[in-house]
Amino acid sequence: MSLTVIKIDPKFARMLLALVAFATLVAAWFFIKWNFANAVASRIDTGQPEAASVAEWLVGLAPSDPQTHFASARVFEKTFNPGDLTKSLIEYEAATALSPNHYVMWLSLGRARSLNGDDESAAVAYALALRLAPNYAAVQWAYGNALIRQGDTEQGFAMIARAASANPDYARTTALTALEMFAGDLNRVRQVLGDSDATNASLAAVLAKQGRFDEAFDAWSKLAEKPTKHAKLGAALIEQMTTAKKFQFAAHISTDIQTGEGERPMTGQISNGGFEGGVKLRNAGLFEWQIAGGAQPQIGLAESGSHGGRYGLLAIFNSFETAAFRSISQTVPVMPGTVYEFEVFYKSDLKTQATLKWEIADAGSSASLATTAAMTPATDWTSLKVKFTAPAACDGVIIRLAREGCSGPSCPANGKMSFDDFSLRRL
């Protein structure tokens with residue numbers, strides 16, 4: 001096999017090598033310049049006063065890089081200079097033209113067009129973003145709002161409802177927007193948003209904030225997985241309902257989100273009246289026994305000598321000062337305007353100049369509704385009863401231990417007092 005040798009003129013070879021080296025240097029220069037501009041553009045601080053100058057310089061340095069145009073657009077969007085919104089729109093248009101398959105470009109372009117008053121073109125940009133990213137909540141949200149602004153409420157609300165289902169951050173705003181759009185008509189709101197858990201959770205939050213507590217509770221009642229998925233919302237609703245003196249609603253919600261085996265609060269019933277569920281000395285719930293902090297009297301469960309069941313509540317007094325008195329109370333949901341009979345069993349060897357009674361008070365105003373007779377020394381379990389009418393304007397009462405007769409700084413008390421089997425009976 002013979003070889004053919006091709007001879008190249010040395011001068012031509014040197015010239016070819018020089019051209020290759022020059023082309024390599026030029027390519028490297030453009031590559032380095034493009035990457036430098038891209039890197040700086042991705043880190044530009046839009047809040048700095050020199051940001052606009054830097055953005056324009058980067059665009060000049062790498063005019064074919066969509067990132068430099070995008071960064072420049074963001075800078076001009078956030079200034080307060082006349083005409084900068086137009087500059088921002090031009091840069092977003094350029095960035096999108098250079099990167100037409102990136103949904104963020106179309107999403108940002110849609111927002112820029114909307115800011116410049118062109119809602120129709122904005123909707124077109126959002127539609128293209130949705131085509132590229134059909135399952136992204138941010139795109140659904142933007143496109144849905146654009147459709148609503150154009151008057152297409154059916155498709156628009158369906159779109160933002162999808163966004164709210166995917167991202168809870170949009171849920172409350174979705175409900176608020178729909179309520180405002182349809183003048184508070186819940187039937188119409190559910191028609192456009194659907195009757196999903198996401199819709200009802202957001203409606204419960206918004207309606208409660210608006211003071212529409214009956215409707216908020218109705219929306220809450222439609223939810224599934226309350227103890228696991230909606231416990232945080234439930235806690236917020238309980239606080240709002242309590243502030244609004246809606247104790248029956250608060251009790252129902254408290255029951256709905258309770259995960260343990262403890263007794264559930266019920267309308268017209270004292271919770272844990274026999275203390276078989278124990279008591280908490282701190283962080284007790286709204287409808288549990290509330291025992292104030294302090295050292296006197298000492299308060300805890302007593303296992304021996306209870307009236308019924310295994311436990312009773314024991315208070316041991318050994319104090320001299322008037323201020324040494326820990327309160328014991330419980331908030332109970334009731335039916336407004338209804339007559340109840342309260343009963344408690346006690347025994348006592350307490351020696352004090354004060355008078356101790358059990359008082360029923362309006363949970364809304366704290367005004368006294370009724371008090372039992374004074375508790376006198378009793379070696380055997382003794383029943384105390386009193387009738388009262390639940391307030392017409394409030395559906396909650398407070399059962400609390402009241403003390404009278406301590407007017408000065410000193411009020412000696414020594415001895416023990418036990419309580420058990422608290423109950424309410426509707427008459």
Side-chain angles (χ1 to χ4, degrees), residues 70 73-74 76-78 82-97 100-212 215-216 218-219 222:
F70 187 77
R74 289 176 61 245
F76 287 122
E77 183 183 340
K78 296 180 184 298
D84 276 2
L85 274 181
T86 302
K87 290 182 181 179
S88 175
L89 176 59
I90 292 171
E91 292 298 336
Y92 276 127
E93 296 276 9
T96 305
N101 295 318
H102 199 318
Y103 83 93
V104 172
M105 297 297 183
W106 288 107
L107 186 63
S108 301
L109 177 58
R111 185 179 65 251
R113 287 175 175 175
S114 180
L115 290 173
N116 279 271
D118 191 354
D119 287 335
E120 186 175 347
S121 295
V124 172
Y126 290 138
L128 289 168
L130 186 68
R131 185 182 302 171
L132 294 169
N135 298 318
Y136 278 44
V139 179
Q140 296 164 353
W141 176 257
Y143 187 35
N145 277 281
L147 291 172
I148 291 170
R149 286 194 295 272
Q150 287 187 294
D152 188 352
T153 56
E154 295 291 335
Q155 187 177 350
F157 276 111
M159 190 65 65
I160 65 174
R162 284 174 57 193
S165 295
N167 187 342
D169 291 341
Y170 294 124
R172 190 166 299 187
T173 306
T174 299
L176 186 59
T177 301
L179 284 168
E180 290 177 350
M181 179 70 70
F182 301 113
D185 185 343
L186 282 176
N187 290 330
R188 187 77 177 99
V189 169
R190 286 195 171 95
Q191 182 181 343
V192 296
L193 295 183
D195 204 18
S196 66
D197 259 22
T199 295
N200 283 305
S202 55
L203 281 175
V206 172
L207 290 168
K209 193 171 183 179
Q210 292 179 346
R212 298 168 63 176
E215 293 161 312
D218 180 65
K222 296 176 184 294

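What's counted below: heavy atoms across the whole structure, side chains too, no hydrogens, waters or symmetry copies.
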Requested in this report: For Met181 and Phe157, run side-chain contact (heavy atoms from CB on, under 4.5 Å): C-alpha distance rounded to whole Å, both residues' side-chain angles, the deciding distance at 0.1 Å, then the answer.
Outcome: CA-CA 10 Å; Met181 179 70 70; Phe157 276 111; 3.9 Å; yes

Requested in this report: State whether the side chain of Thr199 and the backbone N or O of Asp195 hold a donor-acceptor pair below 3.5 Å, judged by distance alone.
Outcome: no

Query raised in the report: Looking only at heavy atoms, what is the nearest atom pair of Gln150 and Ala123, with distance?
Result: OE1-CB, 3.2 Å

Requested in this report: Take Arg172 and Val206 through the side-chain contact (heavy atoms from CB on, under 4.5 Å) test and state the conclusion after the steps.
Outcome: CA-CA 7 Å; Arg172 190 166 299 187; Val206 172; 3.4 Å; yes

Query raised in the report: Considering all heavy atoms of both residues, which atom of Ala198 and which atom of Ala171 are nearest to each other, and what is their separation?
Result: O-CB, 4.5 Å

Query - Non-hydrogen atoms of Asp185 and Asn187 that approach each other most closely - result: OD1-N, 3.1 Å

Query raised in the report: Can you check whether Tyr92's main-chain N or O pairs, donor with acceptor, with Thr96's side chain at less than 3.5 Å?
Result: yes

Report task. Work out which heavy atom in Ala129 is nearest to a heavy atom in Leu107; give both atom names and the distance. Result -> CB-N, 3.9 Å

Query raised in the report: More than 12 foreign heavy atoms under 6.0 Å from CZ of Arg149: is that the case here?
Result: yes

Query raised in the report: Is the backbone of Ser196 close enough, under 3.5 Å, to the side chain of Asn200 for a donor and an acceptor to pair up by distance?
Result: yes

Query - Min side-chain heavy-atom separation Thr173-Ile160 under 4.5 Å - result: no

Query - Sidechain-backbone polar pair: Tyr126 side chain, Arg111 backbone, donor-acceptor under 3.5 Å - result: yes

Query raised in the report: How close do Leu89 and Leu109 get, heavy atom to heavy atom, and via which atoms?
Result: CD1-CD1, 3.8 Å

**Report entry** Rounded distance [0.5 Å steps], NZ in Lys209 versus CG in Leu176
**Finding:** 8.5 Å

Query - Approximate separation, where rounding is to 0.5 Å, of Ile90 CD1 and Leu85 CG - result: 11.0 Å

Query raised in the report: Is Arg113 salt-bridged to Glu120, cutoff N-O under 4.0 Å?
Result: no

Requested in this report: Answer yes or no: is there a side-chain heavy-atom contact under 4.5 Å between Leu203 and Lys222?
Outcome: no

Report task. Decide side-chain contact (heavy atoms from CB on, under 4.5 Å) for Asp218 and Leu186; before the verdict, give the C-alpha distance in whole Å, the side-chain angles of both, and the deciding distance to 0.1 Å. Result -> CA-CA 11 Å; Asp218 180 65; Leu186 282 176; over 6 Å; no

Requested in this report: For residues Asn167 and Ala137, report the shortest heavy-atom separation together with the two atoms involved.
Outcome: CB-CB, 3.9 Å

Query raised in the report: With a 4.5 Å limit on heavy-atom distance, are the side chains of Met105 and Leu132 in contact?
Result: no

Query raised in the report: Looking at Trp106, Tyr170, Tyr103, which hits ring pair (Phe, Tyr, Trp, His ring centres under 6.0 Å) with Tyr136?
Result: Tyr103

Query raised in the report: If you measure from the Lys or Arg side-chain nitrogens to the Asp or Glu carboxylate oxygens, is any gap between Glu154 and Arg188 under 4.0 Å?
Result: yes

